[in-house]
There are 2 protein chains.
Amino acid sequence: MSGLDQQIAFLVESDRLNTVLRRNYTVAADRRENSAEHSWHVALTAMLLAEYSNQPVNIDRVVRMLLVHDLVEIDAGDTFIYDSVANISKEAREREAARRLFGLLPESQAGQLHELWDEFETKATPEAKFARAVDRFVAVLHNYATRGRGWKENGITRSRVLEVNQSVAEGSETLWAKIQEMTQEAVKRGDLIE
Amino acid sequence: MSGLDQQIAFLVESDRLNTVLRRNYTVAADRRENSAEHSWHVALTAMLLAEYSNQPVNIDRVVRMLLVHDLVEIDAGDTFIYDSVANISKEAREREAARRLFGLLPESQAGQLHELWDEFETKATPEAKFARAVDRFVAVLHNYATRGRGWKENGITRSRVLEVNQSVAEGSETLWAKIQEMTQEAVKRGDLIE
(Lines give C-alpha, C1' and ligand atoms only; values in the text may rest on other atoms or scores of the structure.)
Protein backbone atom coordinates (compact mmCIF):
# COMPACT_ATOMS: atom_id res chain seq x y z
CA MET A 1 0.00 0.00 0.00
CA SER A 2 1.41 3.43 -0.92
CA GLY A 3 1.52 6.24 1.65
CA LEU A 4 -1.38 7.97 -0.10
CA ASP A 5 -3.46 4.77 -0.04
CA GLN A 6 -2.83 4.42 3.70
CA GLN A 7 -3.86 8.05 4.23
CA ILE A 8 -7.02 7.52 2.16
CA ALA A 9 -7.92 4.44 4.21
CA PHE A 10 -7.51 6.53 7.36
CA LEU A 11 -9.61 9.39 5.94
CA VAL A 12 -12.43 7.05 4.92
CA GLU A 13 -12.37 5.51 8.40
CA SER A 14 -12.32 9.01 9.99
CA ASP A 15 -15.56 9.87 8.24
CA ARG A 16 -17.28 7.56 10.74
CA LEU A 17 -16.99 10.36 13.32
CA ASN A 18 -20.26 11.56 11.73
CA THR A 19 -22.01 8.62 13.38
CA VAL A 20 -20.93 9.42 16.95
CA LEU A 21 -23.63 11.42 18.74
CA ARG A 22 -22.89 13.81 21.59
CA ARG A 23 -25.27 14.69 24.41
CA ASN A 24 -25.67 18.30 23.41
CA TYR A 25 -27.82 19.69 20.61
CA THR A 26 -27.01 21.65 17.48
CA VAL A 27 -28.33 25.18 17.78
CA ALA A 28 -30.27 25.23 14.51
CA ALA A 29 -30.79 21.64 13.41
CA ASP A 30 -32.90 20.59 16.40
CA ARG A 31 -31.11 17.29 16.88
CA ARG A 32 -28.11 16.01 18.79
CA GLU A 33 -24.75 17.17 17.48
CA ASN A 34 -22.33 14.60 16.11
CA SER A 35 -18.62 14.59 16.88
CA ALA A 36 -17.56 15.58 13.33
CA GLU A 37 -19.74 18.70 13.47
CA HIS A 38 -18.40 19.42 16.94
CA SER A 39 -14.79 19.01 15.79
CA TRP A 40 -15.33 21.63 13.10
CA HIS A 41 -17.14 24.04 15.41
CA VAL A 42 -14.58 23.79 18.18
CA ALA A 43 -11.64 24.29 15.78
CA LEU A 44 -13.33 27.41 14.37
CA THR A 45 -14.01 28.63 17.91
CA ALA A 46 -10.37 28.22 18.95
CA MET A 47 -9.24 30.12 15.86
CA LEU A 48 -11.54 33.03 16.74
CA LEU A 49 -11.04 33.13 20.51
CA ALA A 50 -7.25 32.74 20.61
CA GLU A 51 -6.87 36.16 22.25
CA TYR A 52 -8.46 34.84 25.46
CA SER A 53 -5.83 32.19 26.19
CA ASN A 54 -4.14 32.82 29.54
CA GLN A 55 -0.75 32.12 28.01
CA PRO A 56 0.55 32.84 24.50
CA VAL A 57 -0.19 29.82 22.30
CA ASN A 58 0.55 28.56 18.81
CA ILE A 59 -3.09 28.67 17.76
CA ASP A 60 -2.50 26.55 14.65
CA ARG A 61 -1.32 23.73 16.87
CA VAL A 62 -4.45 24.17 18.99
CA VAL A 63 -6.59 23.93 15.83
CA ARG A 64 -4.79 20.78 14.65
CA MET A 65 -5.17 19.25 18.11
CA LEU A 66 -8.91 19.92 18.07
CA LEU A 67 -9.33 18.48 14.57
CA VAL A 68 -8.04 15.11 15.82
CA HIS A 69 -9.03 15.13 19.50
CA ASP A 70 -12.31 13.22 19.09
CA LEU A 71 -11.26 10.67 16.46
CA VAL A 72 -10.83 8.02 19.15
CA GLU A 73 -14.61 8.18 19.69
CA ILE A 74 -15.03 6.21 16.44
CA ASP A 75 -14.10 3.13 18.47
CA ALA A 76 -14.61 4.31 22.05
CA GLY A 77 -17.83 6.32 21.66
CA ASP A 78 -18.52 9.72 23.20
CA THR A 79 -18.17 9.61 26.98
CA PHE A 80 -20.58 12.02 28.65
CA ILE A 81 -18.52 14.29 30.86
CA TYR A 82 -21.14 14.16 33.64
CA ASP A 83 -21.08 10.33 33.72
CA SER A 84 -18.51 9.53 36.45
CA VAL A 85 -18.67 5.75 35.97
CA ALA A 86 -18.07 5.79 32.20
CA ASN A 87 -15.20 8.21 32.72
CA ILE A 88 -13.29 5.57 34.72
CA SER A 89 -12.88 3.27 31.69
CA LYS A 90 -12.61 6.13 29.18
CA GLU A 91 -8.84 6.41 29.18
CA ALA A 92 -8.15 2.75 28.41
CA ARG A 93 -10.83 2.59 25.72
CA GLU A 94 -9.53 5.70 24.01
CA ARG A 95 -5.90 4.67 24.20
CA GLU A 96 -6.71 1.42 22.38
CA ALA A 97 -8.71 3.37 19.78
CA ALA A 98 -5.82 5.77 19.16
CA ARG A 99 -3.49 2.82 18.62
CA ARG A 100 -5.76 1.25 16.00
CA LEU A 101 -6.85 4.41 14.18
CA PHE A 102 -3.58 6.31 13.97
CA GLY A 103 -1.95 2.99 13.11
CA LEU A 104 -3.70 3.10 9.73
CA LEU A 105 -1.41 5.99 8.71
CA PRO A 106 2.20 5.91 7.50
CA GLU A 107 4.43 5.58 10.55
CA SER A 108 5.78 9.12 10.92
CA GLN A 109 2.33 10.65 10.48
CA ALA A 110 0.81 8.15 12.92
CA GLY A 111 3.40 9.34 15.43
CA GLN A 112 2.54 13.00 14.86
CA LEU A 113 -1.18 12.45 15.38
CA HIS A 114 -0.57 10.31 18.44
CA GLU A 115 1.59 13.08 19.87
CA LEU A 116 -1.10 15.74 19.26
CA TRP A 117 -3.73 13.53 20.88
CA ASP A 118 -1.48 12.71 23.86
CA GLU A 119 -0.72 16.39 24.36
CA PHE A 120 -4.45 17.15 24.47
CA GLU A 121 -5.18 14.29 26.86
CA THR A 122 -2.37 15.04 29.30
CA LYS A 123 -2.90 18.85 29.26
CA ALA A 124 0.86 19.05 29.01
CA THR A 125 1.19 22.43 27.27
CA PRO A 126 -0.44 25.88 27.10
CA GLU A 127 -1.86 24.77 23.73
CA ALA A 128 -3.51 21.72 25.29
CA LYS A 129 -4.88 23.75 28.20
CA PHE A 130 -6.45 26.25 25.84
CA ALA A 131 -7.76 23.55 23.48
CA ARG A 132 -9.48 21.84 26.42
CA ALA A 133 -10.91 25.14 27.66
CA VAL A 134 -12.43 25.83 24.23
CA ASP A 135 -13.74 22.25 23.99
CA ARG A 136 -15.60 22.72 27.26
CA PHE A 137 -16.68 26.26 26.42
CA VAL A 138 -18.51 25.26 23.21
CA ALA A 139 -20.37 22.50 25.05
CA VAL A 140 -21.68 25.03 27.56
CA LEU A 141 -22.44 27.48 24.74
CA HIS A 142 -24.50 24.86 22.85
CA ASN A 143 -26.50 24.17 25.99
CA TYR A 144 -26.95 27.87 26.69
CA ALA A 145 -28.06 28.58 23.10
CA THR A 146 -30.58 25.71 23.06
CA ARG A 147 -32.34 26.79 26.27
CA GLY A 148 -30.46 24.19 28.31
CA ARG A 149 -31.80 21.25 26.33
CA GLY A 150 -28.94 18.86 27.06
CA TRP A 151 -28.75 19.94 30.70
CA LYS A 152 -32.48 19.45 31.22
CA GLU A 153 -32.56 16.00 29.59
CA ASN A 154 -29.78 14.80 31.85
CA GLY A 155 -30.81 16.56 35.07
CA ILE A 156 -27.59 18.59 35.27
CA THR A 157 -27.45 21.41 37.85
CA ARG A 158 -25.47 24.64 37.68
CA SER A 159 -23.17 23.56 40.49
CA ARG A 160 -22.37 20.37 38.57
CA VAL A 161 -21.64 22.39 35.40
CA LEU A 162 -19.25 24.61 37.32
CA GLU A 163 -17.61 21.67 39.10
CA VAL A 164 -16.98 19.73 35.87
CA ASN A 165 -15.80 22.77 33.90
CA GLN A 166 -13.65 24.55 36.45
CA SER A 167 -10.48 23.46 34.63
CA VAL A 168 -11.45 25.91 31.87
CA ALA A 169 -9.82 28.55 34.08
CA GLU A 170 -6.43 26.88 33.53
CA GLY A 171 -6.68 27.66 29.82
CA SER A 172 -8.70 30.86 29.86
CA GLU A 173 -9.89 33.00 32.76
CA THR A 174 -12.04 34.97 30.30
CA LEU A 175 -13.91 31.92 29.02
CA TRP A 176 -14.31 30.63 32.57
CA ALA A 177 -15.89 33.95 33.60
CA LYS A 178 -18.19 33.73 30.58
CA ILE A 179 -19.27 30.21 31.57
CA GLN A 180 -20.17 31.50 35.03
CA GLU A 181 -22.14 34.33 33.45
CA MET A 182 -23.98 32.15 30.92
CA THR A 183 -24.96 29.54 33.50
CA GLN A 184 -26.19 32.24 35.89
CA GLU A 185 -28.29 33.68 33.08
CA ALA A 186 -29.57 30.17 32.24
CA VAL A 187 -30.72 29.71 35.84
CA LYS A 188 -32.57 33.04 35.70
CA ARG A 189 -34.34 32.00 32.50
CA GLY A 190 -35.35 28.67 34.04
CA ASP A 191 -33.12 26.63 31.69
CA LEU A 192 -30.82 25.27 34.38
CA ILE A 193 -31.41 24.13 38.00
CA GLU A 194 -29.31 26.02 40.56
CA MET B 1 -21.73 44.44 22.75
CA SER B 2 -18.26 43.29 23.87
CA GLY B 3 -15.86 41.66 21.40
CA LEU B 4 -16.49 38.28 23.02
CA ASP B 5 -20.26 38.71 22.73
CA GLN B 6 -19.91 39.52 19.03
CA GLN B 7 -17.73 36.44 18.55
CA ILE B 8 -20.27 34.29 20.41
CA ALA B 9 -23.09 35.62 18.20
CA PHE B 10 -21.03 34.68 15.14
CA LEU B 11 -20.25 31.21 16.51
CA VAL B 12 -23.91 30.51 17.29
CA GLU B 13 -24.85 31.63 13.76
CA SER B 14 -22.02 29.49 12.30
CA ASP B 15 -23.52 26.41 13.87
CA ARG B 16 -26.25 26.62 11.19
CA LEU B 17 -23.75 25.14 8.72
CA ASN B 18 -25.02 21.83 10.13
CA THR B 19 -28.28 22.40 8.28
CA VAL B 20 -26.76 22.83 4.81
CA LEU B 21 -26.82 19.52 2.92
CA ARG B 22 -24.34 18.65 0.18
CA ARG B 23 -25.02 16.33 -2.75
CA ASN B 24 -22.56 13.69 -1.66
CA TYR B 25 -23.01 11.08 1.02
CA THR B 26 -21.19 10.35 4.25
CA VAL B 27 -19.31 7.09 3.99
CA ALA B 28 -20.70 5.47 7.12
CA ALA B 29 -23.85 7.34 8.10
CA ASP B 30 -25.83 6.46 4.95
CA ARG B 31 -27.20 9.97 4.47
CA ARG B 32 -26.14 13.15 2.71
CA GLU B 33 -23.19 14.95 4.28
CA ASN B 34 -23.72 18.42 5.71
CA SER B 35 -21.31 21.29 5.19
CA ALA B 36 -20.12 21.36 8.82
CA GLU B 37 -19.08 17.70 8.63
CA HIS B 38 -17.45 18.37 5.27
CA SER B 39 -15.55 21.37 6.65
CA TRP B 40 -14.05 19.19 9.36
CA HIS B 41 -13.20 16.33 7.03
CA VAL B 42 -11.59 18.55 4.41
CA ALA B 43 -9.49 20.41 7.01
CA LEU B 44 -8.26 17.08 8.40
CA THR B 45 -7.52 15.88 4.86
CA ALA B 46 -5.46 18.96 4.04
CA MET B 47 -3.48 18.54 7.26
CA LEU B 48 -2.64 14.93 6.33
CA LEU B 49 -2.01 15.35 2.59
CA ALA B 50 0.12 18.52 2.71
CA GLU B 51 3.09 16.68 1.22
CA TYR B 52 1.25 16.40 -2.13
CA SER B 53 0.93 20.13 -2.78
CA ASN B 54 2.72 21.12 -6.01
CA GLN B 55 4.24 24.13 -4.28
CA PRO B 56 5.40 24.56 -0.68
CA VAL B 57 2.46 25.86 1.38
CA ASN B 58 1.75 27.12 4.88
CA ILE B 59 -0.54 24.22 5.70
CA ASP B 60 -1.98 25.96 8.76
CA ARG B 61 -3.28 28.73 6.54
CA VAL B 62 -4.81 26.10 4.25
CA VAL B 63 -6.54 24.52 7.26
CA ARG B 64 -7.88 27.89 8.45
CA MET B 65 -9.10 28.67 4.93
CA LEU B 66 -10.96 25.37 4.76
CA LEU B 67 -12.55 25.87 8.19
CA VAL B 68 -14.25 29.05 6.93
CA HIS B 69 -14.62 28.38 3.17
CA ASP B 70 -18.19 27.08 3.33
CA LEU B 71 -19.66 29.44 5.97
CA VAL B 72 -21.27 31.54 3.22
CA GLU B 73 -23.52 28.55 2.46
CA ILE B 74 -25.48 29.40 5.60
CA ASP B 75 -27.14 32.14 3.55
CA ALA B 76 -26.33 31.10 -0.02
CA GLY B 77 -26.86 27.32 0.22
CA ASP B 78 -24.61 24.67 -1.25
CA THR B 79 -24.21 25.12 -5.00
CA PHE B 80 -23.80 21.77 -6.76
CA ILE B 81 -20.58 21.95 -8.77
CA TYR B 82 -22.17 20.12 -11.71
CA ASP B 83 -25.07 22.63 -11.91
CA SER B 84 -23.87 25.19 -14.47
CA VAL B 85 -26.91 27.47 -14.12
CA ALA B 86 -26.74 27.79 -10.33
CA ASN B 87 -23.02 28.47 -10.58
CA ILE B 88 -23.69 31.70 -12.52
CA SER B 89 -25.42 33.38 -9.56
CA LYS B 90 -23.20 31.70 -6.96
CA GLU B 91 -20.58 34.41 -6.71
CA ALA B 92 -23.00 37.28 -6.01
CA ARG B 93 -25.01 35.22 -3.48
CA GLU B 94 -21.90 34.16 -1.62
CA ARG B 95 -20.36 37.62 -1.59
CA GLU B 96 -23.48 39.03 0.08
CA ALA B 97 -23.45 36.16 2.58
CA ALA B 98 -19.80 36.83 3.45
CA ARG B 99 -20.59 40.49 4.08
CA ARG B 100 -23.41 39.67 6.49
CA LEU B 101 -21.80 36.75 8.31
CA PHE B 102 -18.27 38.04 8.79
CA GLY B 103 -19.85 41.41 9.67
CA LEU B 104 -21.08 39.87 12.93
CA LEU B 105 -17.47 39.76 14.17
CA PRO B 106 -15.30 42.55 15.61
CA GLU B 107 -13.96 44.57 12.69
CA SER B 108 -10.35 43.36 12.51
CA GLN B 109 -11.40 39.72 12.76
CA ALA B 110 -14.13 40.22 10.15
CA GLY B 111 -11.39 41.53 7.86
CA GLN B 112 -9.16 38.50 8.49
CA LEU B 113 -11.94 36.02 7.71
CA HIS B 114 -13.00 37.93 4.64
CA GLU B 115 -9.41 37.86 3.42
CA LEU B 116 -9.13 34.09 3.94
CA TRP B 117 -12.39 33.53 2.10
CA ASP B 118 -11.39 35.86 -0.76
CA GLU B 119 -8.06 34.11 -1.10
CA PHE B 120 -9.84 30.77 -1.42
CA GLU B 121 -12.35 32.10 -3.94
CA THR B 122 -9.82 33.86 -6.17
CA LYS B 123 -7.25 31.00 -6.05
CA ALA B 124 -4.70 33.75 -5.55
CA THR B 125 -2.01 31.79 -3.72
CA PRO B 126 -0.42 28.32 -3.55
CA GLU B 127 -2.39 27.86 -0.29
CA ALA B 128 -5.70 28.58 -2.05
CA LYS B 129 -4.82 26.32 -4.99
CA PHE B 130 -4.03 23.43 -2.64
CA ALA B 131 -7.11 24.10 -0.47
CA ARG B 132 -9.33 23.93 -3.55
CA ALA B 133 -7.63 20.77 -4.76
CA VAL B 134 -8.28 19.07 -1.43
CA ASP B 135 -11.87 20.34 -1.37
CA ARG B 136 -12.51 18.69 -4.75
CA PHE B 137 -10.52 15.59 -3.84
CA VAL B 138 -12.65 14.74 -0.80
CA ALA B 139 -15.85 15.13 -2.83
CA VAL B 140 -14.57 12.57 -5.36
CA LEU B 141 -13.35 10.34 -2.51
CA HIS B 142 -16.80 10.37 -0.84
CA ASN B 143 -18.40 9.37 -4.12
CA TYR B 144 -15.80 6.69 -4.72
CA ALA B 145 -16.19 5.28 -1.20
CA THR B 146 -20.01 5.16 -1.41
CA ARG B 147 -20.07 3.23 -4.69
CA GLY B 148 -20.76 6.40 -6.69
CA ARG B 149 -24.01 7.18 -4.89
CA GLY B 150 -23.97 10.95 -5.50
CA TRP B 151 -22.78 10.49 -9.09
CA LYS B 152 -25.51 7.95 -9.87
CA GLU B 153 -28.30 10.04 -8.34
CA ASN B 154 -27.31 13.01 -10.45
CA GLY B 155 -26.42 11.20 -13.69
CA ILE B 156 -22.80 12.36 -13.60
CA THR B 157 -20.38 10.76 -16.09
CA ARG B 158 -16.64 10.21 -15.70
CA SER B 159 -15.83 12.74 -18.40
CA ARG B 160 -17.89 15.35 -16.53
CA VAL B 161 -16.08 14.53 -13.26
CA LEU B 162 -12.72 14.98 -14.95
CA GLU B 163 -13.81 18.18 -16.71
CA VAL B 164 -15.11 19.82 -13.52
CA ASN B 165 -12.16 18.72 -11.39
CA GLN B 166 -9.24 19.30 -13.74
CA SER B 167 -8.18 22.38 -11.77
CA VAL B 168 -7.10 19.99 -8.98
CA ALA B 169 -3.89 19.61 -11.00
CA GLU B 170 -3.05 23.28 -10.28
CA GLY B 171 -2.85 22.47 -6.57
CA SER B 172 -1.68 18.88 -6.64
CA GLU B 173 -0.61 16.69 -9.56
CA THR B 174 -0.62 13.70 -7.20
CA LEU B 175 -4.25 14.18 -6.12
CA TRP B 176 -5.26 14.80 -9.73
CA ALA B 177 -3.64 11.49 -10.76
CA LYS B 178 -5.47 9.76 -7.89
CA ILE B 179 -8.81 11.22 -9.05
CA GLN B 180 -8.18 9.81 -12.52
CA GLU B 181 -7.35 6.42 -10.99
CA MET B 182 -10.37 6.37 -8.64
CA THR B 183 -12.83 7.34 -11.36
CA GLN B 184 -11.38 4.73 -13.73
CA GLU B 185 -11.79 2.12 -11.02
CA ALA B 186 -15.35 3.37 -10.37
CA VAL B 187 -16.22 2.87 -14.05
CA LYS B 188 -14.84 -0.68 -13.91
CA ARG B 189 -16.98 -1.46 -10.86
CA GLY B 190 -20.08 -0.05 -12.58
CA ASP B 191 -20.36 2.89 -10.15
CA LEU B 192 -19.78 5.61 -12.74
CA ILE B 193 -20.79 5.99 -16.41
CA GLU B 194 -17.84 6.46 -18.77
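Chain identifiers are assigned alphabetically (A, B, ...) following the order of the sequence lines, protein sequences preceding nucleic acid strands; residue numbering begins at 1 within each chain.
A side chain to side chain contact (heavy atoms under 4.5 Å, CB included) with Met47(B) holds for exactly one of Asp60(A), Leu113(A), Val63(A); it is Leu113(A).
Options Gln112(B), Arg64(B), Lys178(B) differ in how many heavy-atom pairs under 4.5 Å they form with chain A, and the most are formed by Arg64(B). For the set Val138(A), Leu105(A), Asp5(A), Ile59(A), the count of heavy-atom pairs under 4.5 angstrom toward chain B peaks at Asp5(A). Chain B forms the most heavy-atom pairs under 4.5 Å with one residue out of Glu51(A), Gln109(A), Arg16(A), and that residue is Gln109(A). Taking chain A as the reference chain and counting heavy-atom pairs below 4.5 Å, the highest number among Leu48(B), Ile8(B), Thr19(B), Leu141(B) is found for Leu48(B). Your options are Leu71(B), Asp30(B), Thr45(B), and the one with the most heavy-atom pairs under 4.5 Å with chain A is Thr45(B).
Under the 4.5 Å side-chain heavy-atom criterion for grouping Ile, Leu, Val, Met, Phe, Trp and Tyr, Val164(A) is not connected to Ile193(A) through any hydrophobic cluster. The hydrophobic cluster containing Leu116(B) also contains Phe10(B), counting ILVMFWY residues as joined when their side-chain heavy atoms lie under 4.5 angstrom apart, directly or transitively. Linking Ile, Leu, Val, Met, Phe, Trp and Tyr residues whenever their side-chain heavy atoms come within less than 4.5 Å leaves Trp151(B) and Tyr25(B) in two separate clusters. When the side chains of ILVMFWY residues are joined at heavy-atom separations under 4.5 Å, either directly or via intervening members, Trp117(A) and Val42(A) end up in a single hydrophobic cluster.
Using a 4.5 Å heavy-atom threshold, the side chains of Leu175(B) and Leu4(A) count as touching. Looking at His41(A) and Leu17(B), their side chains never come closer than 4.5 Å, going by heavy atoms from C-beta outward.
Asp15(A) places a side-chain N or O within donor-acceptor distance of the main-chain N or O of Val27(B), the cut-off being under 3.5 Å. A distance-only check finds a donor-acceptor pair linking the side chain of Trp40(A) to the backbone of Leu67(B) [under 3.5 Å]. Put simply, the side chain of Gln7(A) never gets that close to the backbone of Leu49(B): no donor and acceptor are under 3.5 Å apart.
Contact annotation for Phe137(A): only side-chain heavy atoms (C-beta onward) come within less than 4.5 Å of a heavy atom of chain B. Proximity to chain A (any heavy atom under 4.5 Å) is restricted, for Tyr52(B), to the side chain, taken from C-beta onward. Heavy atoms of Arg31(B) lying under 4.5 Å from chain A belong exclusively to its side chain. Only the side chain of His142(A) comes within contact range of chain B, with at least one heavy atom under 4.5 Å from a heavy atom of that chain.
Shown here is Glu153(B), whose CD atom has more than 12 heavy atoms of other residues, nucleotides or ligands within 6.0 Å. More than 12 non-hydrogen atoms from other residues, nucleotides or ligands lie less than 6.0 angstrom from CD of Glu185(A). Annotation for Glu91(B): atom CD does not count as buried by contact number, only 12 or fewer foreign heavy atoms lying within 6.0 Å.
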Under the side-chain hydrogen bond (donor to acceptor under 3.5 Å, both in side chains) criterion, do Asn18(A) and Glu33(B) qualify, and how do the steps go?
CA-CA 9 Å; Asn18(A) 294 323; Glu33(B) 187 184 33; 5.1 Å; no
